[in-house]
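Predicted model, so just to flag it, every value in this text is computed and none were measured. Letters A, B, ... mirror the listed sequences (proteins, then strands); counts begin at 1.
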Number of protein chains: 2
Amino acid sequence: MNNISILLAEDDNNLGLLLRNYLTAKNYETALFINGNLAFEAFPTGSFDLCILDIMMPEMDGIKLAREIRLLNPDIPIIFLTAKNQKEDIIDGFKSGADDYITKPFSMEELLYRIEAILRRTTSPAVNRKSESYSIGGYSFDTLKQMLAFNDQTIKLTTKESELLELLCRHGNEILERNFALKTIWIDDNYFNARSMDVYITRLRKYLKKDPSVKILNVHGRGYKLIS
Amino acid sequence: MNNISILLAEDDNNLGLLLRNYLTAKNYETALFINGNLAFEAFPTGSFDLCILDIMMPEMDGIKLAREIRLLNPDIPIIFLTAKNQKEDIIDGFKSGADDYITKPFSMEELLYRIEAILRRTTSPAVNRKSESYSIGGYSFDTLKQMLAFNDQTIKLTTKESELLELLCRHGNEILERNFALKTIWIDDNYFNARSMDVYITRLRKYLKKDPSVKILNVHGRGYKLIS
DNA sequence: GTCACACTTTAACTTTCTTTAACAGTAAGA
DNA sequence: TCTTACTGTTAAAGAAAGTTAAAGTGTGAC
């Protein structure tokens, strides 16, 4: 166990069990509740570090649940699960204080990335801040500081630049799927976000061109490959 | 070999052999079994790192097999192969502890991506795909960078060009079957994809004509042979 | 509050990649 | 020889991605 405890509220039992098993396998202590009421009753007793709430649930929906939880603990990170194209849900979700949300269907890997990202943002620096750093050819990239260094020159990346470069690094020398990247970073993989991503790819390529052995290759119709 | 050993259970012999050949070529040690019983009997003897199980199989189906395997080894990654739109299968699959599933038809590259993704999640740090390079007469071809070099001139190949040339190289001086190439790269071996492949063969021949000893020969009705 | 600034998205235009089409040439069997 | 399926080549059409600039958006300083 890594001492992280997750409250999971999901009424679809198949998905719920799948998620619980997966998160448990990933060393997150996970408590599953099949509706909002049960989750809310359990919340004060367990000392949870993170909540994953389905929005559409009978009895008490995820948004209402989030508001109640926030009254008890204003700082706890909350990730919403929602079906696609429920824009209103998403807006309501953010109003009720979501830190993040993820649209169904999603891959386990995607959810895991979100959890890690959110824990990185919210847990205190002293605790488990493992500063990941990648070396990309002659560059070195610190994901936490969001700094990209080449020899003595260092530039600060923006959040999106850094997140995209991190995903590329994680999938180093293999394909990073467009949709995966879009859903993990932009949440929604619509046309405009896809074009936005193109702009960021261009920018990253510009940053990385000092070392000619480093390349971000496009795989037509699928995604990108960072090679070094 | 990269020391990764895969158990593959698939009753369709065509697909089974195609998969085994491809995975073997990609340096995964692969054992193929044509039904669930045989696979299960063999499981304890071979020390496998990953299972790829067809769901629909006679005798013991993939889901039952997965459960049995999980009893022996709760952590081994399992990928299911399933026909499209078999939602129930997928859900059952996840209940029995699948890590991922892939719906037929799929490309080899897609499966490879899933395998790498799952290994990335379960083994750490990342298994970086090494850059393979082939020499073809006076040319040198880097599969990862997708670059084809002749003397001081280097051209960048597109993804499809590179995939096709890689298959040709891998079958160097022997025959690359049309259907194998089509299924591996284009997924579907229909008429239009076949014609598309012809176009790519023409293009590769153009790239390779600087060295007259290099030839892509057609074997009528069967496929192509790269000689150098 | 509003101004300035950094960050992100949208827009417009260009280039590249893949597939489809059209037509020509070639091998093999009836 | 003649027919038919297979292959070769080139051009075109359509979709995806590259690039640059402008327009939004939010955030902190004052």
* How is B/Thr158 classified with respect to the nucleic acid when contacts are heavy atoms under 4.0 Å: base, sugar-phosphate, or nothing? -> sugar-phosphate
* Asked: Where along residues 171-184 of chain B does a heavy atom fall under 4.0 Å from DNA chain C?
  -> none
* Are the charged groups of B/Asp198 and B/Arg203 less than 4.0 angstrom apart, N to O? -> no
* Asked: Can we call the ring centroids of B/Phe180 and B/His171 under 6.0 Å apart?
  -> yes
* More than 12 non-hydrogen atoms from neighbouring residues, nucleotides or ligands closer than 6.0 Å to CG on B/Leu182, yes or no? -> yes
* Is A/Glu177 paired with A/Arg222 through a side-chain N to carboxylate O contact shorter than 4.0 Å? -> yes
* To do: Return the orientation label for the A/Phe48 and A/Phe33 ring planes: parallel under 30°, perpendicular over 60°, tilted otherwise.
  => perpendicular
* To do: Send over the distance from B/Arg222 CZ to C/dA28 C1', rounded to a whole Å.
  => 16 Å
* B/Glu166/B/Lys26 ion pair, N-O < 4.0 Å -> yes
* To do: Would you tell me if any nitrogen or oxygen in the side chain of A/Thr159 comes within less than 4.0 Å of OP1 or OP2 on C/dC7?
  => no
* To do: Could you state the atom-to-atom distance from OH of A/Tyr207 to C1' of C/dC7 in whole Å?
  => 10 Å
* **Parallel, tilted or perpendicular: ring planes of A/Tyr134 versus A/Phe141, cut at 30 and 60 degrees** => parallel
* To do: For the pair B/Lys145 and B/Glu132, find out whether any cationic side-chain nitrogen is under 4.0 Å from an anionic carboxylate oxygen.
  => no
Measure all distances between protein nitrogen or oxygen atoms and nitrogen or oxygen atoms of nucleotides 19-21 of chain C, and list the pairs falling under 3.5 Å.
| residue | atom | partner | partner atom | Å |
| --- | --- | --- | --- | --- |
| C/dT19 | OP2 | B/Trp186 | NE1 | 2.9 |
| C/dT19 | OP2 | B/Ser196 | OG | 3.0 |

* To do: Could you tell me whether B/Lys183 and B/Asp188 have a side-chain N and a carboxylate O separated by less than 4.0 Å?
  => no
* **A/Glu68/A/Lys64 salt bridge by N-O under 4.0 Å criterion** => no
* Test item: B/Leu168 and B/Tyr224 side chains (from C-beta on) under 4.5 Å apart, heavy atoms -> yes
* To do: Assign B/Tyr224 to base, sugar-phosphate, or nothing according to its heavy-atom contacts below 4.0 angstrom with the strands shown.
  => sugar-phosphate
* Structure fact -> So the contacted stretch of DNA chain D, first to last nucleotide with an atom under 4.0 Å from a non-hydrogen atom of chain B, runs from D/dC6 to D/dT10
* Figure out the CG/C1' separation between A/Asp198 and C/dT8, and round it to whole Å. => 14 Å
